[in-house]
Amino acid sequence: MARRDYLIGKMGISLLTLLFVLLLDFLLFRVLPGDPVRAVIGRNIRISADVQSSLRAQFGLDKPIFLDQFVDTLGQWARGNLGVSWSQRRPVSEILISKLWNTLLLIGLGQLFSIIFGVMLGLLAGWKRKTPFDIGALTFSLIAWATPTFWLGIILLVSGSAWFGLPTGGIVSPANIGKPLHTVLPDLIRHLILPTLTFTILYLGEYMLIMRSSILETLSEDYILTARAKGMSNFQVLMRHGLRNAMLPMVTIIALNLGFTVSGAIYIETVFSYDGLGNLVQTALVKQDYPLLQGAFLLLAVSVIAANMLADFLYTYLDPRVKAN
Amino acid sequence: MRNNLRVFVIITILGLILSACGGGAPTAAAVLRIGWLGVPDTLNPAYAFLTEAYSIFDLVYSPLVTESPSGEYVGALAKEWSVSDDHLTWTFALKDGLKWHNGEDFTADQMAWAINAIIADPDGWAALSGYVDGFSEATAPDAKTVQIVTEYPIANMEYRLSFLYAVYPPDFESFASPEELQNFLNDHPIGTGAFKMNAFDKDRGVLILDANKEYVDGAPFLGQVIFQKFDAADAMIQALKAGDIDLVLGIPASAYETVKNFQNVKAVAFEGRGFDELIINDTSEDNDPPSTGNPALKDPAVRLALETATNRQDLIDIVLQGLGKPGSTIVPPTLGGGFWHNPEIKPVEFDIAKANQILDEAGYIMGADGVRAKDGVRLEFRLQFDAESSNYPRIADLLSDWYKQIGVKATPQGMDADTLIAAMTAVGDYDLVIWGWVADPDPDFILGVMLSDQYTPGGWNDSGYHNPAYDALYEKQQSAIDKNERREFVYEMQEMVYNDRPYIVLYYDVALQAYRSDRFTDFIESPLGIEISASLAQVKPVDK
């Protein structure tokens, strides 16, 4: 009963947050300086002022932002229609869906590996505190976390391509485009190696550092001492009493990161010419493509909010105190 | 002996025949992969704005006439053409054996339809409507003849026609509104060009073309061309080095030296059609809203002094790594193979002492803080530029340093490009701005940038230059049918702009390209670079 009330409350707050984000979305892009029509057509094309104004009318930009444009946009969204992208002339939902899977694949894999290795490394480093292993892992994590994404990506791309003949960009080779997934799987995996590796290295550091400090704190608790006194082995103490309690802050971080996962990793996607959401948002911003931007940010907001709800939900299982309150 | 000779001859002949056959077989499957940094916005010519789209149109579609790599206009669909004595009726005889990619015969009325569609719906055909200004109609007197009637003589007819592609009428006939036409993506264009569309995956930035074996000017030697998009230039360069791609059309100046040293890669530098300039606010006093430009900028002496204190060679060496040419007029030396650029106009030599002297003579007194002033007007300017450019911030720093030495304070300000446009044309809220243009093959467009009536919202005139004599010459050059006569007008217009200095043209760009010389040969290298559409029709794989 208590858990249900707790979850219903959380959902209500999430819904309010979403509405607020929608409003902010709409306003934010229209506050940007510049003219979307000019951004879409570029500078060097002979487009007469007449044609420009007819495009402006087509995009609905000739109407006042309030109330007309706002009401139009809300009406569209209410009907489940995200509109048509100005720069690509395709339905926004179609564009978003095609990019979403790619991003989930890359960032999902990257998150998975960085979580597994980060947690393992953090756990061991905390357990073996002040040993050369701890110092080595700590140094590596700090450097990995502080490395500029673009730089690491380029270094891995150049060395991977020169030494191992790995592909320099894209998701599959051009010759394999449009073929069924199972026939291009080896090619797809080859293309994923470098971007996934980049992502894993970059995020591993963060997870490792948080896990390490969290486990250190947990290990100093009285119940760990009690567990030892009961004669449990080191491994049992670490796994049964240490890991579960130390995972609490990790769940929050992981859930938050998973939410932002959908926004993609702009730099990694750019270096590896990976066709994902991060890249899309960046080009949409340059082109001032309002419908596309609004759609992408809506998706982002929904996924962050959903990930947070997931974290709240998991807490009720992991931490009895949440249930009690 | 005699028998041996006969056997030898027979074997030789057989060998020759076999080698000839063998030579043909591998070329059929040759795939050329091109790396690029953009993707066509759409393959619908009605609404395509990016140069990438036009590269594809030139390969898949054909216009009546097209610009050859040397700058001359040659027939694409047309075999020959003529114009009536009053210069109002153009008659084109089509080549024999023209076929669409789907095997249907190409007829003259289909070409006429494509041109009339643009005339009838300029809003829908937004990207091409400018090229049919002054067209009355196109007709097809018979299956092999196209006639175009114009309202007034059009001097650059061939240039305009080179953008009017023969689109496949059944694909374009059914649209009820401009919006419907523009939302049509045309992902599988059917044309008459040297290459047929195979696939376009816009999300992945991959576009695949197959050779058109029935191409009227002869089948290409390549079997397939693949365009592959890269989001980072460094990754594209690495792909060229690793052999993942065979041709790169835009190499950043900073990477050029590295690429030149790659094995099996030939890097080439070409003069382009672009230039960067310093724009000087020339907005007239009665503009609405009133210009905020420093009034001293109206003084020709100040403009001359600014140019004299601009070291073009240093800009080229420092900003472009030496890859560029000093700028003078707004018509780059490459247009029409050099025909339109006025070579008499030479940029003023860099001379700080002389620039100081010009300002002294004009009565600008050096102040205690190192800034000159006259009648209370200080020579203090905003120096604005698009902050996203990699070159402009450095240009701004250099200019600001030189101008400081002549008592002019120019304060660099990086800005958002759209904000800057909004502050310039028709508004005049700036002093000095660094920007650039890429000219069309014909001088008409770049000359149009200085017209008074382009100083309106959405127009191209960003300096506020207003000169009725110039505007009159522009009209004259538009209808001067005789090429040499037209050139006289074009020369004079360049001189006017150069002397009035709404722009100080800093340098002309250089285009940097590279290809895998171990794989392909016979690229056509024009002064403007590797001419893609002409090249791909005749590039050959290197025999291994």
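The structure displayed is predicted, hence computed values, not measured ones. Every chain is numbered from 1, with letters handed out A, B, ... down the list of sequences.
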What part of A:F150 is in contact with chain B, defined as an atom under 4.5 angstrom from a non-hydrogen atom: side chain, backbone, both or neither? side chain
Check this for me: does any side-chain nitrogen of one of A:D275 and B:K202 sit under 4.0 Å from a carboxylate oxygen of the other? no
Any side-chain heavy atom of B:D231 sitting closer than 4.5 Å to one from A:V271? no
Interface moiety of B:A199 toward chain A, non-hydrogen atoms closer than 4.5 Å: neither
Take atom OH of A:Y203 as the centre, draw a 6.0 Å sphere, and report whether it contains more than 12 heavy atoms from other residues, nucleotides or ligands. no
What's the separation between atom CH2 in A:W101 and atom CG in B:D203, rounded to the nearest 0.5 Å? 15.0 Å
I need the A:I154 CD1 to B:I237 CD1 distance, nearest 0.5 Å. 10.0 Å
To the nearest 0.5 Å, atom CZ of A:R89 lies from atom CD of B:E179 at 6.5 Å
Nearest 0.5 angstrom please: A:S161 OG to B:D244 CG, how far? 6.0 Å
Relative to chain A, which of B:N44, B:D123, B:D41 shows the most heavy atom pairs under 4.5 Å? B:D123
What I want to check is whether the side chains of B:Q238 and A:T168 have a donor and an acceptor closer together than 3.5 Å. no
Which value, rounded to the nearest 0.5 Å, describes the distance between A:W86 atom CH2 and B:Q182 atom CD? 13.5 Å
Of B:T51, B:I226, B:L185, the largest count of non-hydrogen pairs under 4.5 angstrom with chain A goes to B:L185
Answer yes or no: does atom CD of A:E94 have more than 12 heavy-atom neighbours from other residues, nucleotides or ligands under 6.0 Å? yes
Structural part of A:S87 lying under 4.5 Å from a heavy atom of chain B: backbone
Is A:Y267 atom OH crowded by more than 12 heavy atoms from other residues, nucleotides or ligands, each under 6.0 Å away? no
Please report the interatomic distance OG(A:S273) to CD(B:Q228), rounded to the nearest 0.5 Å. 7.5 Å
